[in-house]
Structures are given as C-alpha cells and as structure tokens.
There are 2 protein chains.
Amino acid sequence: MLFARTFRVMTDRFHERLAERDLEPLRPAHGFVFRYLAAQPSATAVDLAAHLGVSKQAATKTVAELVDWGYVHRTPHPTDRRAHALTLTGKGQAYLRFADALWAELEDEFAAAVGAERLTVVREALETYLADSEGGIRPVW
Amino acid sequence: MLFARTFRVMTDRFHERLAERDLEPLRPAHGFVFRYLAAQPSATAVDLAAHLGVSKQAATKTVAELVDWGYVHRTPHPTDRRAHALTLTGKGQAYLRFADALWAELEDEFAAAVGAERLTVVREALETYLADSEGGIRPVW
DNA sequence: TGCAACTAGACAACTGAGTTGACTAGTTTG
DNA sequence: CAAACTAGTCAACTCAGTTGTCTAGTTGCA
C-alpha cells in the first residue's frame with residue numbers, strides 16, 4: 001500500500017504539471033509508448049501491444065492518436081509489407097525530454113523530503129527488485 | 001519511472017494471487033474502499049467519493065457491487081435521513097485481513113530481493129514522503 | 001419560522017480506453 | 001504450392017468512469 005500511495009502522489013504531481021503546459025490530453029500510458037519507441041525504433045504496433053500488455057487494436061488506437069498529434073510517424077516497414085515502422089518525431093522526442101525533466105524534478109522533491117541518501121537507497125532497491133522481476137510492463141495509469 | 005514499474009510488478013503479483021482464490025472480480029480500487037471503510041465506520045458514499053477522488057455516482061456503483069457481494073452493508077445514517085452509513089461486513093473484514101497478508105508476502109519477497117535493511121529504508125522514505133504529501137488518495141488501479 | 005440554497009442518493013444517458021471478432025492481404029513453413 | 005499464420009483495419013461491444021437531472025432531506029439566514 002505504501003508503494004501504491006507514493007506512486008499515486010507522484011503521478012498526480014506529474015500530471016498537474018503536465019496540465020500546466022496545455023499539451024494534448026496525454027495519458028500516463030503514452031509515457032510508456034514514447035519510451036518504448038525511443039528504445040525500439042522501427043517497432044510495429046503489434047510489438048508495442050505486446051510490450052504494453054494490451055490488444056493490438058488498443059495499441060493501434062493509441063498510436064493513431066499520437067500520429068494525429070504529431071508525436072509519432074509511421075513509415076513502411078523495412079521487411080514486412082503489412083506493417084508500419086513507428087518512430088518518434090522531433091516533437092515526440094522533445095516531449096520525452098520534457099517528461100524526463102519533470103520526473104527528475106519530482107525525484108528532487110522526493111530527495112528533499114526524505115534525504116538524498118535515502119533516495120539513493122530507494123533507487124537501488126527498486127532497480128534490484130526490477131532486475132529480479134524482468135518481464136513486460138504495462139502501464140496501470 | 002522506477003516507481004511506476006515497481007508498483008506495476010507488485011500489483012500484478014498481488015492480483016495473480018488474488019485470482020487464485022476465486023473470489024469476486026475485485027479490482028485494485030476496491031482495496032482502497034475496504035481500507036477507508038475500515039478506518040471510517042459510518043462513512044457515506046459521498047465521503048467515499050471524495051476520498052477516492054471520483055464522482056458520487058461512481059462511488060455508489062462500487063459500493064453497490066460490494067454490497068451485492070456481501071462485503072459491505074448499508075445502515076441508516078445516524079443523523080442524515082438521506083444518507084446510508086457504510087460498514088464492512090465480517091466477510092469484508094476477512095478480505096482485508098487476507099489482502100494485508102498478501103501484501104506482507106509481497107514485501108517479504110521484496111526484502112528477499114533487495115535485503116531487509118533496504119526495505120526498511122524504503123519504507124521509512126515512503127512514509128516520510130507521504131507524511132509530507134497528505135491529501136486524498138485515489139487509486140490508479 | 002419559512003424559504004432559498006444546498007445536498008444524498010438514485011436513475012439515466014453518455015464517454016472513452018479498452019475488449020473481441022472478422023476480414024483482407026501479406027508472410028512463413030513444410 | 002498451399003495451409004497456417006499474422007499486421008492492420010473496421011466494427012461491435014464492455015465497463016468503469018463521467019455529467020445531468022430529480023426528489024426528498026438538510027442547513028442557514030432573515
């Protein structure tokens with residue numbers, strides 16, 4: 001429950017600050033899309049769906065939104081004529097940088113509240129735990 | 001992002017184990033309802049809605065489900081003839097104990113992965129951060 | 001005291017982010 | 001080569017929320 005509540009507080013703050021920027025109605029799930037596409041250039045919608053743990057249709061819908069908004073573009077897939085390769089546009093990359101800065105800000109506040117040493121321990125602990133738990137990640141928010 | 005992913009992994013595990021018990025289709029949000037009602041006997045649906053950060057109608061729906069499933073019951077409100085006081089049934093309390101045990105199990109596994117000392121630090125850090133952030137909590141899951 | 005303003009819960013219609021099903025055209029494999 | 005599989009698209013559907021409305025109950029103030 002502690003994790004849940006902490007996560008909630010941080011996410012709320014993230015989204016409050018995001019809302020101040022008057023961007024498109026980006027959801028937390030979009031964050032995972034951006035990150036995945038940044039890490040996997042030329043991913044397809046089906047790849048993304050598997051990664052996100054949703055149906056291909058849901059992934060395709062999300063991608064369509066991001067394409068409409070100018071964050072992602074679709075190019076012909078190098079080897080499969082049925083598929084599109086999805087890549088972040090410059091706007092998408094700029095958003096990712098902005099989001100990273102925002103999360104860094106929130107972590108700074110966490111450090112201010114609990115101490116930088118503790119934050120370091122927390123980080124290490126979480127990284128260890130996640131290394132031990134590798135698998136697909138699906139956003140819950 | 002670390003928080004998000006950690007949270008996700010733990011929640012997934014919680015719900016996998018919950019599914020093994022063949023209970024009603026309880027959602028993560030229900031967890032918050034149980035806890036709130038345990039802490040606030042005689043809460044009303046509107047109280048719950050405010051706490052959860054949802055509309056009164058959404059809260060009422062959720063309560064109706066839990067009433068149907070036997071976890072919550074409604075009694076006349078002591079002072080307001082329009083309202084119902086919501087309380088956990090024995091079944092509701094038993095579920096809460098079970099859920100707590102399950103979270104404790106997950107925390108044990110966390111400790112096994114990262115060390116009990118680190119878990120303690122993590123706990124303290126999160127509690128400090130939350131104490132600094134008090135406000136309504138709404139489940140994101 | 002009476003009345004305007006407010007409010008709890010219920011009912012209803014709606015939204016949107018997912019789901020499943022179906023289909024066509026493209027791909028893989030034996 | 002053909003059967004089996006699959007990417008993306010379209011469509012219908014689900015469900016956990018939303019907003020709007022309404023009636024009866026409550027509060028506060030003149």
Side-chain angles (χ1 to χ4, degrees), chain A residues 8 11-12 15 19 24-34 36-37 40 42-69 71-87 136-141, chain B residues 8 11-12 15 19 24-34 36-37 40 42-69 71-87 136-141:
Chain A
R8 179 63 208 178
T11 307
D12 279 350
H15 284 281
E24 292 85 0
L26 291 160
R27 276 176 268 121
H30 291 120
F32 276 85
V33 178
F34 285 114
Y36 183 72
L37 295 187
Q40 309 284 342
S42 299
T44 65
V46 171
D47 296 333
L48 180 62
H51 179 68
L52 294 179
V54 299
S55 67
K56 61 178 176 173
Q57 289 93 343
T60 302
K61 268 187 187 175
T62 302
V63 166
E65 275 185 318
L66 293 178
V67 168
D68 283 351
W69 293 339
Y71 290 112
V72 169
H73 61 99
R74 286 190 265 230
T75 55
H77 195 274
T79 60
D80 185 340
R81 296 203 357 247
R82 304 167 302 178
H84 297 109
L86 306 173
T87 58
I137 50 171
R138 159 180 143 145
V140 292
W141 41 271
Chain B
R8 179 61 206 180
T11 307
D12 280 349
H15 284 282
E24 292 86 0
L26 291 160
R27 273 176 270 121
H30 291 119
F32 276 86
V33 178
F34 284 115
Y36 182 72
L37 295 187
Q40 307 286 342
S42 299
T44 66
V46 171
D47 295 335
L48 180 63
H51 179 70
L52 294 179
V54 298
S55 67
K56 60 179 177 173
Q57 289 91 344
T60 301
K61 268 188 188 177
T62 302
V63 166
E65 275 185 318
L66 293 178
V67 168
D68 282 351
W69 294 339
Y71 291 111
V72 169
H73 61 100
R74 286 189 267 230
T75 54
H77 194 274
T79 59
D80 186 338
R81 295 200 5 242
R82 304 169 303 178
H84 295 113
L86 306 173
T87 57
I137 49 173
R138 159 176 144 150
V140 294
W141 38 273

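Convention: sequence-line order gives letters A, B, ...; per-chain numbering from 1.
Distance B/Lys56 NZ to C/dC11 P: 13 Å, rounded to the nearest Å. Residue A/Leu86 contributes atom CG, which lies 11 Å from atom C1' of D/dA7 at whole-angstrom precision. As a whole-Å value, the separation of A/Arg27 CZ from C/dG18 P is 5 Å. Atom-to-atom, CZ of A/Arg81 to P of C/dG26 comes out at 6 Å; the value is rounded to the nearest Å. Between the NE2 atom of B/His77 and the P atom of D/dT27 there is a distance of 10 Å, rounded to whole Å. For B/Asp68 and D/dC15, the CG to C1' distance is 16 Å, given to the nearest whole Å. D/dG25 atom C1' lies 13 Å from atom NE2 of B/His84, rounded to whole Å. Summarising the geometry, the separation between CD on A/Gln57 and P on D/dT6 is reported as 14 Å, rounded to the nearest angstrom.
When distances are taken from the side chain of A/Lys61 to each of D/dG25, D/dT18, C/dA17, the shortest belongs to C/dA17. Distance from the side chain of B/Ala58 is smallest for D/dT18 among the nucleotides D/dA7, D/dT18, D/dG25. Counting only heavy atoms from C-beta on, B/Ser55 has its side chain closest to D/dT18 among C/dA17, D/dA7, D/dT18. Listed candidates were C/dA10, C/dG9, D/dT26. Nearest to the side chain of B/Arg82 is D/dT26. The nucleotide whose nearest atom lies closest to any side-chain atom of B/Asp80 is, among C/dA10, D/dT26, D/dG8, D/dT26.
Mapping B/Asp47 and A/Thr62 onto DNA chain C via the closest heavy atom, the residue that lands nearer the 5' end is B/Asp47. The nearest heavy atom of DNA chain D to A/Val46 and to B/Ala59 marks one nucleotide each, and the one closer to the 5' end goes with A/Val46.
Considering CG of A/Leu37 and OG1 of A/Thr87, their distance stands at 8.0 Å, rounded to 0.5 Å.
For the pair B/Glu65 and B/Glu24, the minimum side-chain heavy-atom distance is 4.5 Å or more. A heavy-atom distance below 4.5 Å is not found between the side chains of B/Leu48 and B/Val54. For the pair A/Val63 and A/Arg74, the minimum side-chain heavy-atom distance is below 4.5 Å.
Note: B/Tyr71 and B/Phe34 have perpendicular aromatic rings, judged against thresholds of 30 and 60 degrees for the angle between ring planes.
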